[in-house]
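A short worksheet on the structure shown next.
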Amino acid sequence: MSLDSTLLSRLDRWLKRQYPTLTQGMIEKLLRQGKIRVNGQKTTSGTRVSAEDDISVPKAFLKTLTQKPAPLTTYKPEDIDYLLSLIIWEDEEICVLNKPSGLATQGGTKTTRHLDGLLQAYGNGQPFRLVHRLDRDTSGVLIVAKTLEMSIFLSDAFKKKLVKKVYWAIVHKTPAIKQGTINAPIAKIEEGNKEKMVVDFKTGKAAITEYRVIKSLKDQSAWLELRPETGRTHQLRVHTSYMGNPIVGDKKYGSPDDQPLHLHSRKITIPLSAGRTLTFVAPPPHHIEERLKNSKINWESYS
């Protein structure tokens, strides 16, 4: 992404003015990897730049570098205790949570209580950085970066589809084909004063989901495993609806039931160095667990 620049003697000094949290070591690493370029060419931190130069940073990195932490609001000690109860794993670089259904990932016009704000209150100003999202009503594994370097690394991994995600869903009826791939492009449309995602083979963006039926349930629903290969907005909800099996509780995409959304981010695997990976798993929320129990299914036996 091209950026306006003023007359400067060195590239690294310009970068630090634009992104104060970017360290010299991080600048050198990004330049070595060719992530930051001048006039389309790989360069060094000592390169002299001027207003005529085209200084570029990939969109994924630019979004990460300019992400602002949520403002510290009136969160109470019990809110921090609640957040602590959601943490699956935490170290110096990442924080992994089991996000509950109904809690927004980020704030909005009418959303004052959200995970981003809780994290900033918990960190007492430490800039926790979101590297991916879950819908408000989707539960499960959510990974947050605690350092700028890890934020950039994970954002790049998500963009390059190196992060592997597995979801569980309870859908209406059992799909006729028990295992397969849904390859159906998705586009955004306006429906009244709201936005909605739909399958559109003419103008939609590529969207691919692998699925398999884990078990058919007694109440004419089915327990599915979903593996998205792309990350379009509402992709799993749209694809299951398109298949004729909307997710239970998803009234926006065809479910007649007034229940919580039965969609859960079950597992995420992130890449590490030297071909190693790290996997995080979250138990399902109460409403999914109870639905499985009603069919005499112990979900832990299928993990």
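Values below: all heavy atoms of this structure, side chains included; hydrogens, waters and symmetry mates excluded.
Nearest approach of Pro175 to Ala222, heavy atoms of both residues: CD-CB, 4.2 Å. When all heavy atoms of Lys165 and Pro228 are compared, the pair lying nearest together is O-CD, 3.5 Å. The heavy-atom pair separating Thr230 from Ala207 by the smallest distance is OG1-CA, 3.2 Å. Scanning both residues, Lys251 and Asp257, for their nearest heavy atoms gives CG-O, 3.5 Å.
Side-chain contact between Thr279 and Lys267 is present, with at least one heavy-atom pair separated by less than 4.5 Å. Inter-residue side-chain proximity for Lys178 and Arg212 is flagged as unmet; no heavy-atom pair is nearer than 4.5 Å.
Under the 4.5 Å side-chain heavy-atom criterion for ILVMFWY residues, no single connected hydrophobic cluster contains both Val163 and Val281. Under a hydrophobic clustering in which Ile, Leu, Val, Met, Phe, Trp and Tyr are joined whenever their side-chain heavy atoms come within less than 4.5 Å, directly or via other members, Leu162 and Ile152 fall into different clusters. No path of Ile, Leu, Val, Met, Phe, Trp and Tyr side chains, each step under 4.5 Å between heavy atoms, connects Val166 with Leu154, placing them in separate hydrophobic clusters. Both Ile297 and Val248 are part of a single hydrophobic cluster, where members link through side-chain heavy atoms under 4.5 Å apart. Connection of Val198 to Phe201 is not established within any shared hydrophobic cluster, with ILVMFWY side chains joined at heavy-atom distances below 4.5 Å, either directly or through further cluster members.
Under a 3.5 Å cut-off, the side chain of Gln120 and the backbone N or O of Phe128 do form a donor-acceptor pair. Side-chain atoms of Gln235 come within 3.5 Å of backbone atoms of Arg232 as a donor-acceptor pair (strictly under, hydrogens ignored). When atom types are taken as modelled, the side chain of Arg266 and the backbone of Pro284 share no donor-acceptor pair closer than 3.5 angstrom. Between the side chain of Arg129 and the backbone N or O of Leu148, no donor-acceptor pair lies under 3.5 Å. Side chain of Asn39 to main chain of Gln41: no donor-acceptor pair is present (N/O by atom type, distance under 3.5 Å, no hydrogens or angles). With hydrogens and angles disregarded, a donor-acceptor distance shorter than 3.5 Å links the side chain of His239 to the backbone of Ala184. Put simply, the side chain of Ser295 never gets that close to the backbone of Leu292: no donor and acceptor are under 3.5 Å apart. Checked by atom type and distance alone, the side chain of Thr105 pairs as donor or acceptor with a backbone atom of Leu134 at under 3.5 Å. At distances below 3.5 Å, not a single donor-acceptor pair connects side-chain atoms of Asp200 with backbone N or O atoms of Ala187. Between the Ser241 side chain and the Val238 main chain, no donor and acceptor come within less than 3.5 Å of each other.
Between Asp156 and Lys35, at least one side-chain nitrogen of the basic residue sits less than 4.0 Å from a carboxylate oxygen of the acidic one, meeting the salt-bridge criterion. Salt-bridge formation is detected for the pair Arg237/Asp135: a Lys NZ or Arg NE/NH1/NH2 atom is positioned less than 4.0 Å from an Asp or Glu carboxylate oxygen. Salt bridge Lys196/Glu190: absent, no basic N to carboxylate O contact under 4.0 Å. Taking the charged nitrogens against the carboxylate oxygens, Asp12 and Arg10 do have a contact shorter than 4.0 Å, which makes a salt bridge.
Taken from CG in Asn245 to CG in Leu224, the straight-line distance is 7.0 Å, to the nearest 0.5 Å. Taking CG of Leu118 as the reference point, atom CD1 of Ile80 lies at 6.5 Å (rounded to 0.5 Å). In this structure, CZ on Phe153 lies 7.0 Å from CD1 on Ile270, to the nearest 0.5 angstrom. Residue Ser155 holds its OG atom at 9.5 Å from CG of Leu130, rounded to the nearest 0.5 Å. To the nearest 0.5 Å, atom CD1 of residue Ile36 and atom OG of residue Ser56 are 8.5 Å apart. Residue Leu86 holds its CG atom at 7.0 Å from CG of Leu115, rounded to the nearest 0.5 Å.
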Subject >> Verdict with supporting geometry, Arg113 and Asp79, salt bridge (Lys or Arg N to Asp or Glu O under 4.0 Å) >> reply: CA-CA 10 Å; Arg113 180 180 171 83; Asp79 293 316; 2.7 Å; yes

**OP:** For salt bridge (Lys or Arg N to Asp or Glu O under 4.0 Å), just list the numbers for Glu229 and Arg227, CA-CA rounded to whole Å, side-chain angles, deciding distance to a tenth of an Å, and then say yes or no.
**Re:** CA-CA 6 Å; Glu229 294 186 13; Arg227 295 176 179 263; over 6 Å; no

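Counting only residues at least two apart or on different chains, the side chain to side chain donor-acceptor pair (under 3.5 Å) pairs with a member in residues 91-102 are Trp89-Asp91.
Using the six-membered ring where Trp is involved, Trp168 and Trp223 have ring planes that are perpendicular, over 60° apart on the 30 and 60° scheme.
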For a quick test of your reading: what N or O donor-acceptor pairs under 3.5 Å do the side chains of residues 137-145 make, sequence neighbours left out?
unit_1 : atom_1 : unit_2 : atom_2 : d
Ser139 : OG     : His264 : ND1    : 2.8

Output side-chain donor-acceptor pairs under 3.5 Å for residues 213-220, partner residues at least two apart or in another chain, one line each.
unit_1 : atom_1 : unit_2 : atom_2 : d
Ser216 : OG     : Thr174 : OG1    : 2.9
Asp219 : OD1    : Ser221 : N      : 3.3
Asp219 : OD1    : Ser221 : OG     : 2.4
Asp219 : OD2    : Arg291 : NE     : 3.2
Asp219 : OD2    : Arg291 : NH2    : 3.0

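Through side-chain heavy atoms spaced under 4.5 Å, either directly or across other Ile, Leu, Val, Met, Phe, Trp or Tyr residues, Ile208 is tied to no other residue.
Looking at residues two or more places apart in sequence or on another chain, you find a ring-ring contact (aromatic ring centres under 6.0 Å, His included) between His234 and Tyr253. Listed by chain and number, the residues in a side chain to side chain donor-acceptor pair (under 3.5 Å) with Arg32 amount to none (sequence neighbours excluded).
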